[in-house]
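Heads up: the structure comes next, in structure tokens.
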Number of protein chains: 2
Amino acid sequence: MNMLLDLQKKILPDLVDVLGLRFRILRFIRLMQPIGRRTLANNLEMSERVLRSEVTFLKEQGLVEFATSGMTLTHEGHNLLGQLEVVMKEVFQTRTMEEELEKKLGVKDVHIVPGDSDEYSWVQKEMGRACVGLIKQKMSSKENIIAVTGGTSIAAVAEMLVPDSDLKETLFVPARGGLGEQVENQANTICATMARKAMGSYRLLHVPDQLSKESYESLINEPTVKEILQLIHSATMVIHGIGEAETMAKRRNSSEEMLKKIHEKKAVAEAFGYYFDQSGDIIHKVLTIGLQLEDLNDIPDIIAVAGGSSKADAIEAYMKQRPSQVLVTDEGAARAILT
Amino acid sequence: MNMLLDLQKKILPDLVDVLGLRFRILRFIRLMQPIGRRTLANNLEMSERVLRSEVTFLKEQGLVEFATSGMTLTHEGHNLLGQLEVVMKEVFQTRTMEEELEKKLGVKDVHIVPGDSDEYSWVQKEMGRACVGLIKQKMSSKENIIAVTGGTSIAAVAEMLVPDSDLKETLFVPARGGLGEQVENQANTICATMARKAMGSYRLLHVPDQLSKESYESLINEPTVKEILQLIHSATMVIHGIGEAETMAKRRNSSEEMLKKIHEKKAVAEAFGYYFDQSGDIIHKVLTIGLQLEDLNDIPDIIAVAGGSSKADAIEAYMKQRPSQVLVTDEGAARAILT
DNA sequence: GCGGGTGGGACATAATATGTCTATAAGGGA
DNA sequence: TCCCTTATAGACATATTATGTCCCACCCGC
């Protein structure tokens, strides 16, 4: 509805931050006036100096007045704040939802992109872009190894990657071996795409979809495989998707009994080739080599990318037992999770 | 209507500029794509480097693409630009009017404050604030002498003045002697108020309202008066209002024949104690000492402050023959002038 | 091949934001 | 009345960012 706002978020992303900051300042002044800079700075958890700049600005705009006893809102500031309060809810819709999600899911950091992937495909790309931003941000200065899974969400991330000087030294590896996906959504393919887009390097994990216990044992001892496994376990970052259990199982042409098992045990979520039920317990695990769920504890940064209102249950289920990650999702999923 | 926008202009003034800049860039790219940085920078009259930062940002937002042949809008960028165009008219309403007024009146610099002084009294204060901003901006580093006239608009400027390190050395003087106004709107009073608010110094011009030719001659040779006159003539800045002829004449308790003269000769505007008709010709001049109209040519900065739709004709008339100034006005007057 | 365009990289410098400290004035309680 | 606490305001060094300026490799039409 408020088109301008959405456009501004896109074209002036920090606008929202500054706006929020000044809004908070004004609110606090109204609440505690007259109040001094130091007290205010403490309460708002910011350095006195930056608050001072902000507050000087507000003074110049005639919204607050300085006195020797502290700062007060002017009449005009009071009016403006009143109007602001009406509008700000809308502005911070997503930010508020992010915080609610962080709390509800116990995830450290949630990023919500406007829209619903189920409705528009470009929303998934937006999630991709957001994720790329996060990746760059979390990049340490030295050699980075990024492990990726398959799925359309992660494919979107790959698509949105752009070369960056920070990314050039990065090595991309698939998190786990063949999971039976279509080529364009396989971890291997995505991994290669990412490396190409980021001008980085990559290693692939060539293992067949169906593995018997025996071939698993022998493969794991292959020198080439072993080497890559080591790389995977020393990954500094994992980027993975979350899928709906049934959809994923079908897409992977799983056996009839497999589908039955999933259905009976009420699996709702899928990630890394693991299937989870509503409470986040593991129902089934596709046998393949690579990153196991318990290995995640050793990896510093784990980013989950999943959106669309239809995935809400899956996201919620998966996150139930695997918190303290970063989640990139969309408005559709967020709303559905928060019901 | 769009409340958020007005609030933003108030609370995030420079973000609006950035918005405009990016908008212009996108438009130009669409027009000339594919286009290179240098060409684009030339066309937009900005340095290549700042354009580069902007354009890199736009790339990161996925709105433009870089290729070896130049930059192009992405599909997304195209969409966004389309939506932006709808909204931007509103954003730049006042800016557009400012440009139109500059053209129509031949004034170098026009500043329009939202609202109409006739409707809300706070609009006049806003003009005052805007004017204060301009004053500070135009302040040269050395001793400044600011000459001011009377009137409610200038009184508003005085009210909005705030101390500033730049202003401390400033000397305020009244532009002309007694013009028969009420005390609070007299040049002398305003002058003193300004100096107090700005922590500057001031000199007053004590001359009676009604002056005979003889006393005029003798006063002008008084050493104390002479000294101040010299200061007035060496003023670095003049801030004056523009009034409606009839209103001003009545407010000054002018004689019956005076009112008649004004009416007959169809005076519409008043400034500095001069009365002007619709084409800007001088109809009458109140005899007092101080700044004469022709002295204005020697003064570097001249700022006119006048607003309210009712003053539109007066502003237009006065400006007809006295262009290349700075005009601070409000939306009401601006709309009325542009009809 | 060549000239004029392109994006990208690099780096010094200007501008700005921020952290830190000090001066000084005003109000409130002993 | 005086002192103590709080406040703003100013000043300045430093960290961070923006900007100006070059240069390079590349691509494309000639």
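Chain letters run A, B, ... following the sequence lines, proteins first and then strands; every chain starts at 1. Quick caveat, the model's predicted, so the values are computed rather than measured. What's counted below: heavy atoms across the whole structure, side chains too, no hydrogens, waters or symmetry copies.
- Every residue two or more places apart in sequence or in another chain was checked for a ring pair (Phe, Tyr, Trp, His ring centres under 6.0 Å) with A:Phe92, and none qualifies.
- Using a 4.0 Å heavy-atom distance criterion, B:Leu40 is classed as making no nucleic acid contact.
- Heavy-atom minimum distance, B:Val64 versus B:Val55: CG2-O, 3.9 Å.
- For B:Arg52, there are no side-chain hydrogen bond (donor to acceptor under 3.5 Å, both in side chains) partners at least two apart in sequence or on another chain.
- Within the structure, side-chain hydrogen bond (donor to acceptor under 3.5 Å, both in side chains) pairs that include any residue of residues 19-29 of chain A comprise A:Arg22-A:Glu54, A:Arg27-A:Glu85 (at least two apart or interchain).
- Not a single donor-acceptor contact under 3.5 angstrom links the side-chain atoms of B:Arg37 to the base of C:dG5.
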Give me, pair by pair, the N or O atoms of the protein and of nucleotides 25-30 of chain D that are less than 3.5 Å apart, along with how far apart they are.
residue : atom : partner : partner atom : Å
D:dC27  : O4'  : B:Thr68 : OG1          : 3.4

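- Test A:Ile154, A:Val132, A:Thr170 against A:Met194 for side-chain contact (heavy atoms from CB on, under 4.5 Å) and you get one pass: A:Ile154.
- Note: CG (B:Leu51) to C1' (C:dG7) measures 12 Å, nearest angstrom.
- Between the C1' atom of D:dG10 and the NZ atom of A:Lys59 lies a distance of 12 Å, rounded to the nearest Å.
- With sequence neighbours excluded, the residues satisfying side-chain hydrogen bond (donor to acceptor under 3.5 Å, both in side chains) with A:Thr152 are A:Gln124.
- Note on residues 61-71 of chain B: no pairs pass side-chain hydrogen bond (donor to acceptor under 3.5 Å, both in side chains), not counting sequence neighbours.
- Residues that satisfy the salt bridge (charged side-chain N to carboxylate O under 4.0 Å, His left out) test with A:Lys10, not counting sequence neighbours, are A:Glu126, B:Glu76.
- Rounded to whole Å, atom P of D:dA7 lies 11 Å from atom CG of A:Asn43.
- Evaluation of the salt bridge (charged side-chain N to carboxylate O under 4.0 Å, His left out) rule for A:Glu98 yields A:Arg95 as partners, not counting sequence neighbours.
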Grab the N/O contacts between the protein and nucleotides 13-21 of chain C below 3.5 Å, and write none if there aren't any.
residue : atom : partner : partner atom : Å
C:dG19  : OP2  : A:Ser47 : OG           : 2.2
C:dG19  : O6   : A:Arg49 : NE           : 3.2

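- Remark: C1' of D:dT8 and CD of A:Glu60 are 15 Å apart, rounded to the nearest angstrom.
- We find that CG of B:Leu58 is positioned 13 Å from P of C:dG7, with the value rounded to whole Å.
- Distances were taken from every side-chain heavy atom of B:Met71 (C-beta onward) to each of D:dA7, C:dG5, C:dG7; the shortest belongs to C:dG7.
- In this structure A:Arg38 satisfies the salt bridge (charged side-chain N to carboxylate O under 4.0 Å, His left out) test together with A:Glu48, sequence neighbours excluded.
- For B:Thr72, the side-chain hydrogen bond (donor to acceptor under 3.5 Å, both in side chains) criterion is met by no residue, not counting sequence neighbours.
- A:Phe66 places its CZ atom 10 Å from the C1' atom of D:dA9, with the value rounded to the nearest Å.
- Residues from residues 18-32 of chain B lying near DNA chain D, meaning a heavy-atom separation below 4.0 Å, are absent.
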